[in-house]
Each structure stands twice: as C-alpha cells, then as structure tokens.
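What follows is a single structure, written as structure tokens, with notes after it.
To find a chain, count down the sequence lines: A is the first, B the second, and so on, and within it residues start at 1.
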Protein chains: 4
Amino acid sequence: MTDSTVSRAGAASAKRRRLTAAAAEVVHRQGAERTTIADIARAAGVPVGNVYYYFKTKDELVAAALDEHARHLAELTGRLERLPDPRERLKGLVETWIGQRDVAARWGCPTGTLAAELDKRGEGGLDAEAGRVIRLLLDWAERQFRELGLPEPDGLALTLVSAYQGMSLLANALRDPEIMKREGDRLLGWLGSLPG
Amino acid sequence: MTDSTVSRAGAASAKRRRLTAAAAEVVHRQGAERTTIADIARAAGVPVGNVYYYFKTKDELVAAALDEHARHLAELTGRLERLPDPRERLKGLVETWIGQRDVAARWGCPTGTLAAELDKRGEGGLDAEAGRVIRLLLDWAERQFRELGLPEPDGLALTLVSAYQGMSLLANALRDPEIMKREGDRLLGWLGSLPG
Amino acid sequence: MTDSTVSRAGAASAKRRRLTAAAAEVVHRQGAERTTIADIARAAGVPVGNVYYYFKTKDELVAAALDEHARHLAELTGRLERLPDPRERLKGLVETWIGQRDVAARWGCPTGTLAAELDKRGEGGLDAEAGRVIRLLLDWAERQFRELGLPEPDGLALTLVSAYQGMSLLANALRDPEIMKREGDRLLGWLGSLPG
Amino acid sequence: MTDSTVSRAGAASAKRRRLTAAAAEVVHRQGAERTTIADIARAAGVPVGNVYYYFKTKDELVAAALDEHARHLAELTGRLERLPDPRERLKGLVETWIGQRDVAARWGCPTGTLAAELDKRGEGGLDAEAGRVIRLLLDWAERQFRELGLPEPDGLALTLVSAYQGMSLLANALRDPEIMKREGDRLLGWLGSLPG
DNA sequence: AATGAATGAGGGTTCATTCAT
DNA sequence: GATGAATGAACCCTCATTCAT
C-alpha cells in the first residue's frame, strides 16, 4: 500500500467522518425532517453529489448521526468508568448533564429528540435504532446501580434516564436551562440518599 | 334564528372541529413535518382546497392541534378537580397516564413530542406555543402541591411533569408500555409518601 | 312596480355600481392579473359569492372597470367641451393630466396600463376593448384639431395621446411626477405654437 | 482547461442563457404574471425542476429577462455609436424602432410593458429594476443630445423616449404597426429640425 | 471516487367559479 | 337575490436521488 493510497483512503475516511459529525450536529439542531442532504454536505464541506459515495440514502446519514451520539455516550461512560465508585460515576453523569444545560435548553437531548422524531415513522427501522442508543445508557446505569448492590437496578436506571429525558424536554420546551440545574441537583441528592 | 341557520353554522363549525381533531390525531401519529395537509383533509373527510377556508396555513392547523391537546388537558384536570383531595387529584393524573400507556408507547405524549419537534424551528413562534401548553400542566400540578401545603410546589410539579415526559419518551423509544406502568407506579408511591 | 321593488332594484344597481367603481380602482392599483375577485368584493363591501349575480366572470368585471374609465373620460371631455375654443379644450386636457401627475407616477394611466396588460392575452377579446377606450380619446382629440382647421388632425391626435401615454409610463416607471409636469408643459407650448 | 471541462461548463452556461432568452421572449409575449415557470422551461427545452438550479425564484427569472433586454439595448446603442454623428445615431435609433413595428404592435415595448406590469407590485424591488433599464436608454439619448450641443438634453431625451413608449403602447393597444411608422417618421423630422 | 447538473414526485397555497340553503 | 362554503385545477418551489463526465 503506497503512501498516496493511504492518504487517499485517509482522506476518504476523513470525509465520511466529517459527514457523520456534520449530520449529528445539524440534525440535532434542525431535526431530521427539516435537515437537507445539502445542509449536511455544506456543513461538512463536501459537494452534494459526493455524499452518496459514503451514504446511500438520507436515512443512512441519520443512522450515522445516531451512531455518533452513541459514540459520544461511550466516550463519556468510558471516562466515568475510571472513577472507582459507581455512585460517583452516576453523579458524574448527572453533572455532565447539568454542564450541558444550555445546549439541552436550546436543542434538547440529541438522542431523545431524534428518537421522538424517528418514532413517528412507520418504516425503515430507524426508530428501533434510536431506541437502541437509549438502551445503551439505560444498561450502563443499571450496571452501576447493580454494582452498588441496590435492588431493582433496572428500575433505578429507568428512573434516572427517564428523569434526564424529561428534564431535557422541559428545559427545551420552556427554553430554560435552569430546569436542568434544578432537576439535576435533585437527582444528585437522590443518588446520595440511596443506600449501598 | 331558524333551523336552517343553525344547521348551516353548525355544519361549518363541525367541519372546523373535524379538521382540528383530525390534525391533532394525525400530527400526533406522524409528526407535524411528515403530516401533509392532504393527510389531515382525508382524515377529516374534507377536500384539500377547502381546508384553507378554515385555516390559512399549515401552521395554523398545527396550532389548532396544539389547542386541541390543551383542551383535552383542561377537560382532564377539570374532571380531577371534582376530587376533594389534591393528592388524589395528582394520583388520578398519574393513573390517567398509566391508563394511556399503549398510546404513549406507540406515539409518545402528544404535547411533548410536538414541543420537541416545533422547538427545532427558529421561526413562526409555534415553538413557544407548545411550551405554553406544557406550562398549563405544570401550573396545575403546582397548584395541587401548594394546596397540600408542601414546600417548593413548583419544584415538585417540575419533577412530576418531567417524569411524565421522560417516561413517555422512553416508553415510546423502546416501544414498551410497561415502562409507563412501572414509572407510573413509582410516582404513585412517591405522591403517597409526601407529607401534608 | 311597488316602492320596495324600486328600492330593491335601486339597491342592486348600487351594488353593481359599487363593484364597478371598486374594480376600476383596485385594478388600476394592482393590475388585472394580481387583482382577486375577493379584493374587489371587499373594496366594494359586497360578499364574494354575490359578485357573480352582477358579473358572470372576472373578465366582465375587468370590462366594467374599462367602461368606468371610459365614463370618466367622457365626463372630462364633456366638461372641456363647454370651452368655446378647441385649443383651450386641448390645453385643458393636458392640464388635467398634469394635475393628476401624482396618481400617474404611482399607478400609470388607468387605461394605458390596463391596455398593456390585456394585450398580453390571446383570448377573450378584452384586449380590443381596451383599444376602444383609447380610441375614444384619440377621436375626441382629432375632432378638436380638425375644428382648429389643422391638417392631418388624426396625426396630431396620435402625437398628443401618444405623448400622454409615454409620459405616464415613464413617470410611473421612474416614480417621478415631475416628468408629467415637464412633458405636460412642453405639450402646452406645442399646442400654443400650432397655427389656426 | 480540458475540452470536457469546456463542454461541461459551456453546456451549463448555455442552458442558463437559453433560459434567460426564453424568459425574455415568453415574458414579453405573455406578461410576467401570466407566464409560468413551466412556460419558460418548455420554451428553453429544460425540465421544470431544473430551472431552479439556475434561478432560485420566478422573480430572478423575470429579472434575468429584464437584464436581457438591457443587453439588447446595449448592443443596439453600441452599434449606433459607430456612427460619427450623434444626430445620425438618434435617427438610427428611431429607424430601429420603426423596423420593429410589427413586434411592437403585437406585444409592445418589452421593457415598457414589463415596467408597467412590475410597477403594480409593491414588493420585491423588481419594479425599480425595470425603471433602471429605461433610464439606460434615457441616459444614452441625453448624451447624444448633449454632444449635439443642444440645451436641456435631458428634456429632449425625455421627449424622445416618452414618444417611443407612447407610440409603442398605442400601436400595441390598437394593434396597428403603422402607428409606429407614422410617429417614427415624425420623430425623424423632429430630429432633423433640431439645430446644432 | 468526484462533482456539477438533472430529474420528477410531491407539498403548500391561491383563486375563479359553483353550490346549497 | 343573497351568502357562506365548497371545489379543483394550477402554480411555485423543495429535495432526495440519479446521471454524465
């Protein structure tokens, strides 16, 4: 494999990555339905006609955006996992949410809003895809609660993630980041009050 | 006023009501963006061109759908208000949510999903409209908590409504009505555990 | 014929007249193509559905607007005819044009702009109608020049009316009423310089 | 630049030019309001949807039609400018008008009729655009009169252009090309009679 | 792979005209 | 005659996707 091959392949992958990142961001801000392939191409600095070499359909681009959010989630939980105490990990998660309150108030949770939008479609299976990303978070939280030795860790995870989605939606609908802070603090208190 | 006058005016209003109801339902199922005027017209049994006699733009129809949801909410809280105990009213609210779990699992909360969608639009002011409907629920809940003599009734309302939006979104994203039941029961327990 | 019959018939005619006047004015301002039946109905204070009892088609309304302008022209020439000297009549005509310079600069000559618009239509014969109104003016001017004993009175009339249409169009296109004044004064000088 | 590059770019520009030419012609014949994008597309041999690749709105197409007329005017005056005597240039202009009498009698002056139509619109600024093209002619004529050393060259230009617009409108309204000939000849005589 | 251009199926909206009462 | 409501044919414009080079 020559250098130029490498660099060409590298450039191609870079384009794919740029498109994916652009899709994640633009779709988060505009919603999947209102986002145009041209919007994403422009944001990625890629000519429109070229997009189809990397993604056969618009739906594939939306799926890539979802994957991108899953990757962000994995990074976050990966960082949190370095903390020895599961309770601290969960608190760290909530603190991250609070830290992103301005984005949440403006555009909502990327995965949550996308899930809500995709669930309105009967076809394509993209809706299930969104659910899968949310379940990643759910599973991770459940593991933490289980490590803490708490009963019904899945129920606790459900409560935590549900609270996150709810407060993001309200913060977004009311355009008020303080909602994230207020409910986030309550969650921190709740986590602290749990036995184990 | 003659009979024919009544029937004429009545028929006209009936059509408007039919369109509003159809808009509320179809938009709930398909989302505002994916819903065409023709979809709503068909559901209401009205020729497409005639829709514009009652609603000048698609946005007005979406606004009417939102109003319809606000009206449903008002009916519900109106019924609950007949209960003497505020705590029972709040429990009744949660029980209603649980009772609608199948719809929520399939399409989400009508107002919440619409709010999430409309918030992606910069223009038109419809986004603020959605927030207003959510605040109606928030305010009603706050009044109940206040009547119970609890501190920070607004925070409690936020927690309650936030939980509702969160569990609706998760139930929808995971297509699992049991999530509504599980979190709903937890909320019932929480309401029962509150002092006052 | 009873009184009420009279008054009803009278009211009906009044409506027709109101519609005609409204058509003349609104069409002058908006052009025939951009003018809606509803626009005219509103301006006349007549319900839309009722218009069709007086005018079977939109074209008939436009024709009525043309007639109205012909009537205005007849009134004007009728007034001028009271002057004993044909040259003074012609000067009076030009002075009237100058006096209406602001309207001309904003909307052009009612008949001229309408003629230009209607001439773009292949069908309906409305185009010929517009020409007929212009010829009324042409013929009147020709009669004045003939009474003055000038040779080629038809050519002189053509020059006069042509100048009027030209200056109206330029004043309108450049939105400058002073063009009417300037060219109008030149015409007055020209009329004064003619022998006879 | 390779041949294929040329042909590709050339083809694209050719299409734009074809659309512009078609717009100029069809709008001249039908008027801006009665001309549909489909009409222009058909005349240019371009699929409707493709038009929007070259012109974002119908108004842009109309503006392009106006530009086309401005270009025709520039060509004409450019040719006339080769004549050494300004008076001959002006006479050449009038003779050109006379030579186009059949077109003028059928459709009027392209710029004049378009200006009249666009001036009925309050919005968009296209109306001002039409005025600008007319002023090009006005300015050119003024320069010729000035070169002749005549007083008030702007007034003379106004008279000349005004006469042109007026005779075009009358010829069109009365569907009589001879009007162009008759008034044109008079203008030629007038130009010849001027001192300088 | 790369890219500007092409294609065509809708979607929202307007409006002359007609209908029912 | 009077009137609000109904109807449907266009029209402008958007956009996912495909094509030609």
Side-chain angles (χ1 to χ4, degrees), chain A residues 8-9 11-12 15-16 33-41 46-61, chain B residues 2-9 11-16 33-41 46-61, chain C residues 5 8-9 11-12 15 33-41 46-61, chain D residues 2-9 11-16 33-41 46-61:
Chain A
R8 257 195 281 139
K15 256 188 194 174
R16 192 178 214 287
E33 217 66 47
R34 291 178 82 87
T35 295
T36 287
I37 297 262
D39 287 340
I40 296 172
V46 169
V48 202
N50 201 0
V51 173
Y52 283 82
Y53 276 90
Y54 300 96
F55 301 94
K56 268 195 288 292
T57 64
K58 184 182 175 183
D59 274 11
E60 278 192 18
L61 256 173
Chain B
T2 69
D3 273 13
S4 81
T5 304
V6 169
S7 79
R8 252 194 289 144
S13 297
K15 225 169 188 180
R16 197 179 209 286
E33 217 67 47
R34 290 178 81 86
T35 296
T36 72
I37 296 267
D39 288 339
I40 297 172
V46 167
V48 197
N50 196 14
V51 172
Y52 285 85
Y53 189 81
Y54 298 96
F55 300 93
K56 271 195 284 292
T57 63
K58 184 183 174 183
D59 272 12
E60 276 193 19
L61 257 175
Chain C
T5 305
R8 258 195 281 141
K15 257 188 192 174
E33 218 65 47
R34 292 178 82 86
T35 295
T36 288
I37 297 262
D39 287 340
I40 297 173
V46 169
V48 201
N50 200 0
V51 172
Y52 282 82
Y53 275 90
Y54 300 97
F55 301 94
K56 269 197 287 293
T57 63
K58 184 182 174 183
D59 274 9
E60 278 191 18
L61 255 173
Chain D
T2 70
D3 273 13
S4 80
T5 304
V6 169
S7 79
R8 252 194 291 144
S13 297
K15 225 170 190 180
R16 197 179 209 284
E33 216 67 48
R34 291 179 80 87
T35 296
T36 73
I37 297 268
D39 288 338
I40 297 172
V46 168
V48 198
N50 197 12
V51 172
Y52 286 87
Y53 188 82
Y54 298 95
F55 299 92
K56 271 195 285 292
T57 62
K58 184 183 173 182
D59 272 12
E60 275 193 20
L61 257 174

Nearest-neighbour nucleotide for the [X] side chain, [options] considered:
X	options	result
Pro47(C)	dG12(E), dG4(F), dA16(E)	dG4(F)
Tyr54(A)	dG11(E), dA2(E), dA2(F)	dA2(E)
Lys15(D)	dA16(E), dA16(F), dA6(E)	dA6(E)
Asn50(C)	dT17(F), dT3(F), dC13(F)	dT3(F)

Atom-pair distance ([atom1] on [X]; [atom2] on [N]), nearest Å:
X	N	atom1	atom2	value
Asp59(D)	dC11(F)	CG	P	17 Å
Glu33(A)	dG12(E)	CD	P	12 Å
Tyr52(D)	dC11(F)	OH	P	12 Å
Arg34(D)	dC12(F)	CZ	P	13 Å
Ile37(B)	dT7(F)	CD1	C1'	16 Å
Phe55(C)	dA16(E)	CZ	C1'	16 Å

For [X] and [Y], which heavy atoms make the closest approach, and how far apart are they?
X	Y	answer
Glu33(A)	Lys58(A)	O-NZ, 3.8 Å
Lys15(A)	Tyr54(A)	CD-OH, 3.6 Å
Tyr52(C)	Ile37(C)	OH-CD1, 3.8 Å

Whichever of Val51(B) and Val46(C) has its nearest DNA chain F nucleotide further upstream toward 5':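 Residue closer to the 5' terminus by nearest nucleotide: Val46(C).
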
Residue whose nearest DNA chain F nucleotide is more 5′ - Thr57(A) or Thr36(D):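 The 5'-side residue here is Thr36(D).
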
Atom pair CZ/CG of Arg16(A) and Leu61(A) - distance to nearest 0.5 Å: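 Between Arg16(A) CZ and Leu61(A) CG, I get 8.5 Å after rounding to 0.5 Å.
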
5'-most by nearest nucleotide on DNA chain E - Lys56(B) or Gly49(D):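 It is Gly49(D) whose nearest nucleotide is closer to the 5' end.
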
5'-most by nearest nucleotide on DNA chain E - Lys58(B) or Ala38(C):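 The residue whose closest nucleotide sits nearer the 5' end is Lys58(B).
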
For dA1(E), the Watson-Crick or wobble counterpart (both distances under 3.5 Å):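 Here dA1(E) is not engaged in any pair, so there is no nucleotide opposite it.
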
Identity of whatever pairs with dA6(F) - Watson-Crick or G-U, under 3.5 angstrom: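 dA6(F) is paired with dT17(E).
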
Test item: Thr36(C) side-chain N/O and Ala38(C) main-chain N/O as donor-acceptor pair under 3.5 Å: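 Not a single qualifying donor-acceptor pair exists.
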
Tyr53(B) side chain near dA6(F) phosphate (N/O to OP1/OP2, under 4.0 Å):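 No, because none of the side-chain N or O atoms of Tyr53(B) sits under 4.0 Å from OP1 or OP2 of dA6(F).
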
